[in-house]
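A short write-up of the structure that comes next.
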Number of protein chains: 2
Amino acid sequence: MKTDPEVEGLRKRMTHIKQVLQQRDLKLTHQRLEIFNEVAKSGDHPDAETIYRSVRQRLPTVSLDTVYRTLWLLLDLGLISTVGPSRERVHFDGNTQPHHHFVCTKCGKIYDFYSRELDKIEVPEAIQALGQGEKINVEVRGLCHQCLKNKSES
Amino acid sequence: MKTDPEVEGLRKRMTHIKQVLQQRDLKLTHQRLEIFNEVAKSGDHPDAETIYRSVRQRLPTVSLDTVYRTLWLLLDLGLISTVGPSRERVHFDGNTQPHHHFVCTKCGKIYDFYSRELDKIEVPEAIQALGQGEKINVEVRGLCHQCLKNKSES
DNA sequence: TTAGGTGCAAATTCTTTGCACCCTG
DNA sequence: CAGGGTGCAAAGAATTTGCACCTAA
């Protein structure tokens, strides 16, 4: 399933992460590169444990906590992202009206917002290959006012 | 901030949950009704602990595990939903290309899909009230093929 | 009456932390 | 060589489970 452009993209991303780490005076360790490589090349959405197991095959001594530390670091650096709310645990939603979410990627807070425009979106055909779509929810990610403020202050 | 239509909606939803529970021969306990009420009326996205604390004010003896059990039950019954992947822990995403997610609400798996159409969506104005939107990701929720199959078999 | 539901406490599972040693720059 | 980064083991959260008692139907 690996196509040339993907491999090429991966190579570029490996160069990119090195630059980013150096710019910030962070060390370019084996572990960091391997962990990033693992997430970047995965077409999946692995959890920490899965990444740990994969990386172990190449670096048999990595520890799970290094995997965690590195993943959060990569997230902070904007090199990878999370699916759904970042860092936080399950959150429940009792709002049954059509609505959408604004997720703050910094503090993890999730705000509802409404949009007639977005409510109109229909389940795309591509979904048929995966299953049966029932609900559509648009997720906008960014920084909430509070976190923007904290950022400018520091 | 509570408007009459909301209160009215909540009343209808309380009637609805009772019907659903009865239809399935599930008991209409105090705890279940209070927990549902708490999630349904919340404009927020509370986690289990928060719901627990609120419910405790009315039912001082509820336990956290009942809250969990009830929330998962309500989820199974389709009376509430979760934000992001259901049940699962943090999942990382190394895919930096614009893409969207199909989340199976049963097994929690998350599949990427692509759509030029959806990539065109712009950050709606409503976001300005909340913060700075950076990325848009459409989330389609439903059942994946595997879970559809398991369901029809049982 | 009688299953299904609950509360308690203990067990799991997931994630983070403190600290001594190691390796990148 | 110096300080950040790692691995280990242990601590801390979050969530689940077993079991005896309770209560809605």
Side-chain angles (χ1 to χ4, degrees), chain A residues 14 17-39 45-53 55-77 79-80 82-92 108, chain B residues 14 17-39 45-53 55-77 79-80 82-92 108:
Chain A
M14 291 309 295
I17 183 189
K18 290 179 192 169
Q19 290 174 346
V20 173
L21 290 176
Q22 287 178 332
Q23 269 168 28
R24 304 243 186 175
D25 284 312
L26 293 167
K27 286 182 182 162
L28 243 129
T29 63
H30 244 327
Q31 291 87 332
R32 285 175 176 169
L33 297 178
E34 283 297 348
I35 291 167
F36 175 70
N37 180 281
E38 202 53 46
V39 185
H45 304 89
D47 57 15
E49 183 74 28
T50 306
I51 295 162
Y52 171 60
R53 277 200 296 268
V55 172
R56 265 209 148 199
Q57 302 192 356
R58 302 206 198 182
L59 291 181
T61 62
V62 272
S63 60
L64 185 53
D65 54 73
T66 296
V67 172
Y68 274 107
R69 281 188 283 227
T70 304
L71 289 170
W72 299 135
L73 174 71
L74 296 174
L75 195 60
D76 280 344
L77 296 175
L79 295 165
I80 63 173
T82 56
V83 176
S86 43
R87 273 159 222 238
E88 304 268 316
R89 308 263 158 171
V90 216
H91 284 238
F92 298 88
Chain B
M14 289 310 295
I17 182 189
K18 290 179 192 169
Q19 290 175 347
V20 172
L21 290 176
Q22 287 178 332
Q23 270 169 28
R24 306 245 186 170
D25 285 312
L26 293 169
K27 287 181 181 165
L28 243 129
T29 62
H30 244 326
Q31 292 88 330
R32 283 174 178 171
L33 297 179
E34 284 296 347
I35 291 166
F36 175 70
N37 180 281
E38 202 53 47
V39 185
H45 304 89
D47 57 17
E49 184 75 28
T50 305
I51 295 162
Y52 171 60
R53 278 198 296 267
V55 172
R56 267 211 147 195
Q57 304 192 355
R58 303 207 197 180
L59 291 180
T61 62
V62 272
S63 60
L64 185 54
D65 54 2
T66 296
V67 171
Y68 273 107
R69 280 189 284 229
T70 304
L71 288 170
W72 298 137
L73 175 71
L74 296 173
L75 194 63
D76 280 344
L77 296 174
L79 295 165
I80 62 173
T82 55
V83 176
S86 43
R87 272 159 225 238
E88 304 267 318
R89 309 268 159 168
V90 216
H91 284 238
F92 298 87

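- Near-neighbour residues of DNA chain D inside residues 24-34 of chain A, defined by a heavy atom below 4.0 Å, number-ordered: A:Leu26, A:Lys27, A:Thr29, A:Gln31, A:Arg32.
- Spacing between atom CG of B:Leu73 and atom C1' of C:dG4 amounts to 12 Å, rounded to whole angstrom units.
- One atom, CZ of B:Phe36, and another, P of C:dG5, lie 17 Å apart when rounded to the nearest Å.
- Between B:Leu77 atom CG and C:dG4 atom P the separation is 16 Å, expressed in whole Å.
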Report all interatomic pairs (protein N or O, nucleotide N or O of nucleotides 13-17 of chain D) with separations under 3.5 Å.
{"residue": "D:dA14", "atom": "O4'", "partner": "A:Arg89", "partner atom": "NH1", "Å": "3.3"}
{"residue": "D:dA14", "atom": "O3'", "partner": "A:Arg89", "partner atom": "NH1", "Å": "3.3"}
{"residue": "D:dT15", "atom": "OP2", "partner": "B:Tyr68", "partner atom": "OH", "Å": "2.2"}
{"residue": "D:dT15", "atom": "O5'", "partner": "B:Tyr68", "partner atom": "OH", "Å": "3.0"}
{"residue": "D:dT16", "atom": "OP2", "partner": "B:Trp72", "partner atom": "NE1", "Å": "2.6"}
{"residue": "D:dT17", "atom": "O4", "partner": "B:Asp65", "partner atom": "OD2", "Å": "3.0"}

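- The phosphate of C:dT6 (OP1 or OP2) has no side-chain N or O of B:Ser63 nearer than 4.0 angstrom.
- Side-chain contact between B:His91 and A:Thr82 is absent, with no heavy atoms from C-beta onward closer than 4.5 Å.
- Across the protein-nucleic acid pair, A:Arg56 atom CZ and D:dT6 atom C1' stand 13 Å apart, rounded to whole Å.
- The shortest heavy-atom contact between B:Tyr52 and B:Val62 is CE1-O, 3.5 Å.
- Residues A:Leu26 and A:Leu73 are in side-chain contact: their nearest non-hydrogen atoms beyond the backbone lie under 4.5 Å apart.
- Here the options are B:Thr66, B:Thr61, B:Leu59, the test is side chain to side chain contact (heavy atoms under 4.5 Å, CB included), and the partner is B:Ser63; only B:Thr66 passes.
- The distance from atom CD1 of A:Ile35 to atom P of D:dG5 is 13 Å, rounded to the nearest whole Å.
- Of all the heavy atoms in B:Leu21 and B:Lys27, the pair that sits closest is CD1-O, 4.1 Å.
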For a side-chain contact (heavy atoms from CB on, under 4.5 Å) check, start with the C-alpha distance between B:Phe36 and B:Leu79, then their side-chain angles and the critical distance, and finish with the verdict. CA-CA 8 Å; B:Phe36 175 70; B:Leu79 295 165; 4.0 Å; yes
Residues B:Lys18, B:Leu33; criterion side-chain contact (heavy atoms from CB on, under 4.5 Å); working and verdict: CA-CA 8 Å; B:Lys18 290 179 192 169; B:Leu33 297 179; 4.1 Å; yes
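- Residue pairs meeting the salt bridge (Lys or Arg N to Asp or Glu O under 4.0 Å) criterion with at least one member in residues 57-76 of chain A, sequence neighbours excluded, are A:Glu34-A:Arg58, A:Asp65-A:Arg69, A:Asp76-A:Arg87.
- To the nearest 0.5 Å, the span separating CG on B:Leu71 from CD1 on B:Ile51 amounts to 4.5 Å.
- Going from atom CG of A:Leu71 over to atom C1' of D:dG5 covers 15 Å, rounded to whole Å.
- Between A:Lys18 atom NZ and C:dG25 atom P there is a gap of 11 Å when expressed in whole angstrom units.
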